[in-house]
Amino acid sequence: MTSTQARRMRRPVLQAAIDVGAKCVQADPDLFSRADGEPPATWQAQRAEAIGFCRGCPVRAACEELALRDGDGNPRIDDLVRGGRSGYELVALRELQAQRLTAAITADEASDQEWNELRDLAVKLNREARRMPTRSGGMPHQAALLRQQNERIAELAAKLAVVRTARRARTGWEVAA
Ligand code: SF4
């Protein structure tokens, strides 16, 4: 994965790539963080080791991108390594790429909202489809209730299709997927 490809991916895809490919699952997690009161000289050596470790990680670009989107790094304290970058480097990169990252974070949030909407509509549709109209009131009454239920199902299905089609088109899947 190149860093350009990684930057175009959305947050869940970045996270999934890291979940399956992170090299640091084999490392001591403490390697990537400065301990409380750790002297600068010790931390510098540890930081260099951590950055070197990340260099061979197959998902380094995705990890760096997620660290930038997550706001990792502190301009006042040099205390972590993520995605092969020190905290200070992440802060500097975030400033350099502020416009792009703001757009990426906004897109992540919109994607989350869209996903929640999709899920809510699917739940409502499922619930409506399982609901049995009341048996009281005779045949004409029941037929009217069924008609209303069918209309609600059709309306929910249409809304679901609109959100799903927009999501697929935006993420490049179009109608076939
Ligand atoms: S780049 Fe470094 S911190 Fe990120 S997943 Fe790979 S090894 Fe872990």
Side-chain angles (χ1 to χ4, degrees), residues 1-36 38 40 42-123 158-177:
M1 182 192 307
T2 65
S3 60
T4 305
Q5 284 170 326
R7 286 186 179 110
R8 286 190 187 132
M9 290 173 150
R10 300 211 176 281
R11 185 186 174 81
V13 181
L14 295 169
Q15 187 62 62
I18 292 164
D19 289 347
V20 296
K23 187 181 164 201
C24 51
V25 291
Q26 310 152 15
D28 177 355
D30 291 343
L31 176 64
F32 301 90
S33 307
R34 185 176 186 173
D36 285 347
E38 184 172 347
T42 321
W43 167 241
Q44 277 166 24
Q46 182 184 330
R47 188 184 59 197
E49 188 187 342
I51 290 172
F53 187 91
C54 290
R55 230 169 257 138
C57 176
V59 294
R60 196 206 62 75
C63 185
E64 177 194 304
E65 175 68 8
L66 210 53
L68 290 171
R69 291 186 189 207
D70 285 350
D72 281 357
N74 185 324
R76 291 181 301 281
I77 311 166
D78 176 24
D79 63 352
L80 63 83
V81 169
R82 194 171 164 202
R85 303 282 186 185
S86 70
Y88 285 166
E89 286 174 326
L90 288 171
V91 170
L93 274 173
R94 190 173 298 109
E95 280 170 13
L96 268 178
Q97 301 177 21
Q99 209 174 350
R100 180 191 72 76
L101 285 167
T102 301
I105 291 164
T106 305
D108 283 347
E109 287 167 358
S111 180
D112 287 349
Q113 276 177 12
E114 192 180 51
W115 178 250
N116 288 340
E117 191 183 353
L118 206 54
R119 201 191 46 205
D120 287 350
L121 282 169
V123 168
K159 281 185 186 168
L160 194 66
V162 168
V163 179
R164 190 177 280 150
T165 303
R167 185 179 174 85
R168 285 177 174 174
R170 194 173 41 68
T171 51
W173 287 100
E174 300 186 349
V175 289

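In this chain, residues are counted from 1 in sequence order. Atoms considered below: every heavy atom in the structure, side chains included; atoms not considered: hydrogens, waters and symmetry mates. Given the structure is predicted, the values throughout are model-derived calculations rather than measurements.
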Separation between [atom1] of [X] and [atom2] of [Y], rounded to the nearest 0.5 Å:
X: Phe32; Y: Gln46; atom1: CZ; atom2: CD; answer: 9.5 Å
X: Ile105; Y: Arg100; atom1: CD1; atom2: CZ; answer: 9.0 Å
X: Asp78; Y: Glu38; atom1: CG; atom2: CD; answer: 10.0 Å
X: Leu31; Y: Leu80; atom1: CG; atom2: CG; answer: 12.0 Å

For [X] versus [Y], what's the shortest heavy-atom pair and its separation?
X: Thr102; Y: Thr106; answer: O-OG1, 2.7 Å
X: Ala122; Y: Leu160; answer: N-CD1, 3.8 Å
X: Pro75; Y: Tyr88; answer: O-CE2, 3.6 Å

Member of Cys63, Pro58, Cys24, Cys57 meeting the side chain to side chain contact (heavy atoms under 4.5 Å, CB included) criterion with Ile18:
Cys63
Pick one: which of Asn74, Val81, Asp72 meets side chain to side chain contact (heavy atoms under 4.5 Å, CB included) with Leu90?
Asp72
Would you mind listing every side-chain hydrogen bond (donor to acceptor under 3.5 Å, both in side chains) that reaches into residues 13-34, with sequence neighbours excluded?
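Every pair satisfying side-chain hydrogen bond (donor to acceptor under 3.5 Å, both in side chains) with a residue in residues 13-34: Gln15-Asp19.
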Test your reading of the model: is there a side-chain donor-acceptor pair from Arg94 to the backbone of Leu68, 3.5 Å cut-off?
yes
Validation row: Arg82, Leu66 side chains within 4.5 angstrom (heavy atoms):
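When only atoms from C-beta onward are counted, Leu66 and Arg82 do touch, with a gap below 4.5 Å.
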Steps toward side-chain contact (heavy atoms from CB on, under 4.5 Å) verdict (Leu101, Glu65)
CA-CA 9 Å; Leu101 285 167; Glu65 175 68 8; 4.2 Å; yes
